[in-house]
Amino acid sequence: MQLRPPPSHRDRTVVRLRGELAASKAARVRRRLLRALARAPDVMEVDLGKVTYLAPEVRALLLAAAATARRSGARFVVTRASPLSRRVLEELGMRRLTDALLSSGP
């Protein structure tokens, strides 16, 4: 059995999403989130500043990414969420999984 040291942590990894994130975009969003998590960041930030729509499938991916980050010891932060996106994510329980309040604006 070979033991490997844990991956080195990076300070912050930012995933900037944009546009209408319909169900058809879920696979692409999933790949981006997985790549970010694979970097083993200390803080994983998801910037929703340019998102106009979050399909339920994408919301579920954000919740799963937040839970995965938390399990790995990383902080998970959602930034620049529109009031509607922020409200929807909060209703889904995102506040429990994030380490910073969901913020709106730049």
Side-chain angles (χ1 to χ4, degrees):
M1 181 168 135
Q2 184 179 11
L3 297 175
R4 293 185 202 168
S8 60
H9 286 267
R10 298 176 189 220
D11 290 339
R12 178 179 292 260
T13 296
V14 180
V15 177
R16 287 183 175 84
L17 301 175
R18 66 174 189 246
E20 186 173 304
L21 299 180
S24 61
K25 304 271 177 84
R28 189 173 118 207
V29 170
R30 181 179 183 277
R31 284 190 300 273
R32 291 192 64 197
L33 293 171
L34 287 173
R35 275 196 308 266
L37 286 166
R39 292 181 181 149
D42 290 323
V43 178
M44 181 167 164
E45 175 184 338
V46 177
D47 180 342
L48 299 179
K50 294 186 179 184
V51 170
T52 57
Y53 174 72
L54 282 173
E57 294 83 357
V58 175
R59 296 176 211 160
L61 288 171
L62 291 174
L63 287 169
T68 300
R70 176 155 289 214
R71 281 192 306 275
S72 72
R75 294 178 61 226
F76 189 88
V77 181
V78 175
T79 58
R80 299 186 336 132
S82 71
L84 178 58
S85 293
R86 187 174 63 247
R87 186 171 61 243
V88 167
L89 290 172
E90 286 176 346
E91 288 173 3
L92 292 172
M94 182 64 89
R95 189 175 294 275
R96 292 182 294 109
L97 298 171
T98 58
D99 293 288
L101 295 176
L102 298 169
S103 61
S104 58

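In this chain, numbering begins with 1 at the start of the sequence shown.
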Hydrophobic cluster membership, with links at side-chain heavy-atom distances under 4.5 Å among I/L/V/M/F/W/Y: are V78 and V14 in one?
no

Which heavy atom of A36 sits nearest to which heavy atom of V15, and what is that distance?
CB-CG2, 3.4 Å

For a quick test of reading the model, state the closest non-hydrogen atom pair linking A23 to A55 and the distance between them.
N-CB, 3.5 Å

Close side-chain approach of R32 to L17, heavy-atom, < 4.5 Å:
yes

About how many Å separate CG of L63 and CZ of F76, when rounded to the nearest 0.5 Å?
8.5 Å

Would L84 and V46 show up in the same hydrophobic cluster when neighbours are defined by side-chain heavy atoms closer than 4.5 Å?
yes

With side chains defined as the heavy atoms from C-beta onward, is the minimum distance between L62 and L92 less than 4.5 Å?
no

Identify the two heavy atoms, one from A74 and one from P41, that lie closest to each other, and give their separation to 0.1 Å.
CB-O, 3.1 Å

What distance do M94 atom CE and R87 atom CZ have between them, rounded to the nearest 0.5 Å?
15.5 Å

Gap separating the CG atom of D47 from the CZ atom of R80, nearest 0.5 angstrom
4.0 Å

Is there a side-chain contact between K50 and R16 in this structure, where contact means two heavy atoms from C-beta onward sitting under 4.5 Å apart?
no

Do you know the tightest heavy-atom contact between L61 and A26?
CD1-O, 3.2 Å

Rounded to the nearest 0.5 angstrom, the CZ-CZ distance for R75 and R70 is 10.0 Å

Non-hydrogen side-chain atoms of T13 and R35 separated by less than 4.5 Å:
no

Roughly how far, to the nearest 0.5 Å, is the CG atom of L54 from the NZ atom of K25?
12.0 Å

Run through L33, V51, L21 and flag the one making a side-chain contact (heavy atoms from CB on, under 4.5 Å) with V58.
L21

